[in-house]
Amino acid sequence: MTAPTKPSHHGPADPGLRVSAAVSDSAPAAARTVSGEPLHSPVIEWFDEHARDLPWRRPEAGAWGVMVSEFMLQQTPVNRVLPVYEQWLARWPRPADLAAEAPGEAVRAWGRLGYPRRALRLHGAAVAITERHGGDVPADHAQLLALPGIGEYTAAAVASFAYGQRHAVLDTNVRRVFARAVGGAQYPPTATTAAERRLARALLPEDEATAARWAAASMELGALVCTARNESCHRCPITAQCAWNLAGKPAHEGPPRRTQTYAGTDRQVRGRLLAVLRESRAPVPRSALERVWHEPVQRARALDGLVADGLVEPLADGLYRLPLT
DNA sequence: TAGTCGTGGAT
DNA sequence: TATCCAAGACT
């Protein structure tokens, strides 16, 4: 139900829909923007020259390395992931190695990457891979999706980056590139829409290897050039075809993006509690945990939450530790 | 669907 | 100093 759209240059109306109209007719092999130029070729050429040399992109990383990197990169910047990634792969070079450990060791090794439930899920995924897939990261998208901690994005990313398959890999970088280059808007919608998914599929090159290259290239473009703030249009390989640029880079319309407060939230309390437990090999008495937050109700709620999430194991006598099972 | 879930560097 | 934002998943 794509509305008949005209290539308006008056503003960023209906991000995602305009091109949808341009390419959705038959999802042609070489999807093109309104200008008629293919999008993937110049981006892939740019990627060939400017791609960062990241450890999980090297052949020796393997599917497990790719998968570990994708877990760690969920909402955490590359620079902070790098050292933890190296230590992790050195300690647990295969899924079975991690699966043989206590989940608490994964939480400890996760360090300060944030969102420690990801560590627990990565451990759970390693266990499932060992039990269900003979210790090898599955190549099948549906099997990847069935693993804990793997959603639509990560399943597509692992299948594409590790196994060279053809999938629409739609992360926050790609969504922003599409919103601008195709939709003419500064930012994509708050939540991923069906129109965005359709567009991502329509822009996917037919050839499998090219599609995998495009997935990595479009992400890299969003990460290095088409950034959320201080974008570098002068370095962009598709700036001449970018709808947002052609429209004069209009500012974001609509409700301001909900800012996430942190100070004083349960998340901060949870972070402090878990930091104490990470630092201690021996079980920690409740009194040590009570020191990190003065307000008893919130403190108790945060601790209960950690226990409920399986991040903390309560023992007898008011002792706590990272989970052994 | 909107809320929850860490952390720290950059602006 | 306050705000933004970084390769999401899950409920």
Once you round it to whole Å, what is the distance between [atom2] of [N] and [atom1] of [X]?
X	N	atom1	atom2	result
A/Gln268	B/dC5	CD	P	13 Å
A/Arg270	B/dT7	CZ	C1'	14 Å
A/Arg272	B/dT7	CZ	C1'	13 Å
A/Asn230	B/dG9	CG	C1'	14 Å
A/Arg121	B/dC5	CZ	P	12 Å

* Near-strand residues of residues 65-85 of chain A, defined as heavy-atom separation under 4.0 angstrom from DNA chain B ->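 Hits under 4.0 Å, by residue number: A/Gln75, A/Thr76, A/Arg80.
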At under 4.0 Å between heavy atoms, what does [X] touch on the DNA or RNA strands: base, sugar-phosphate, or nothing?
X	answer
A/Leu113	base
A/Arg278	sugar-phosphate
A/Trp110	nothing
A/Arg229	base
A/Arg175	nothing
A/Gly151	sugar-phosphate
A/Leu54	base
A/Arg267	base
A/Ala157	nothing
A/Thr154	sugar-phosphate

* To do: Could you go through the side-chain contact (heavy atoms from CB on, under 4.5 Å) check for A/Tyr320 and A/Leu306 one step at a time?
  => CA-CA 11 Å; A/Tyr320 297 87; A/Leu306 288 171; over 6 Å; no
* Looking just at side-chain N and O atoms, do A/Trp92 and A/Glu101 make a donor-acceptor pair shorter than 3.5 Å? ->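 Present: a donor and an acceptor within the cut-off.
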* **Donor-acceptor pair between A/Arg118 and A/Thr76 side chains, under 3.5 angstrom** =>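 Yes, side-chain donor-acceptor contact under 3.5 Å.
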* P-based separation of C/dA7 from B/dT11 [nearest Å] ->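 Roughly 15 Å separates the two P atoms.
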* To do: Considering only atom P, compute the distance from C/dT11 to B/dG6 and round it to an integer number of Å.
  =>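 Going atom to atom, P in each nucleotide, I get 14 Å.
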* To do: Quick one: do A/Glu152 and A/His141 satisfy side-chain hydrogen bond (donor to acceptor under 3.5 Å, both in side chains)? Show the steps, please.
  => CA-CA 9 Å; A/Glu152 183 56 45; A/His141 182 276; 3.3 Å; yes
* Can a side chain N or O of A/Arg118 be found less than 4.0 Å away from OP1 or OP2 on B/dT7? -> no
* Asked: Taking the six-membered ring for Trp, is the centroid-to-centroid distance between A/Trp110 and A/Trp88 below 6.0 Å?
  ->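 Ring-ring flag for A/Trp110/A/Trp88: true, centres closer than 6.0 Å.
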* **Residue pair A/Glu220, A/Val43: steps toward the side-chain contact (heavy atoms from CB on, under 4.5 Å) verdict** => CA-CA 9 Å; A/Glu220 190 78 336; A/Val43 175; over 6 Å; no
* Would you call the rings of A/Phe178 and A/Trp214 parallel, tilted or perpendicular, where under 30° means parallel and over 60° means perpendicular? ->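 Ring orientation, 0 to 90° scale: parallel.
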* **Covered region of DNA chain C, 5' end to 3' end, by chain A [heavy atoms, under 4.0 Å]** => C/dC4 to C/dC10
* To do: Report the C-alpha separation of A/Val269 and A/Arg272 in whole Å, then their side-chain angles, then the decisive distance to 0.1 Å, and conclude whether the side-chain contact (heavy atoms from CB on, under 4.5 Å) test is met.
  => CA-CA 5 Å; A/Val269 186; A/Arg272 289 191 183 184; 5.8 Å; no
* Find out whether A/Ser218 and A/Asn173 are in side-chain contact, i.e. whether some heavy atom of one side chain is under 4.5 Å from a heavy atom of the other. => no
* Do A/Glu231 and A/Lys249 touch side chain to side chain, with heavy atoms closer than 4.5 Å? ->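 A side-chain contact under 4.5 Å exists here.
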* Residue whose closest nucleotide on DNA chain C lies nearer the 5' end, A/Gly149 versus A/Ala223 -> A/Ala223
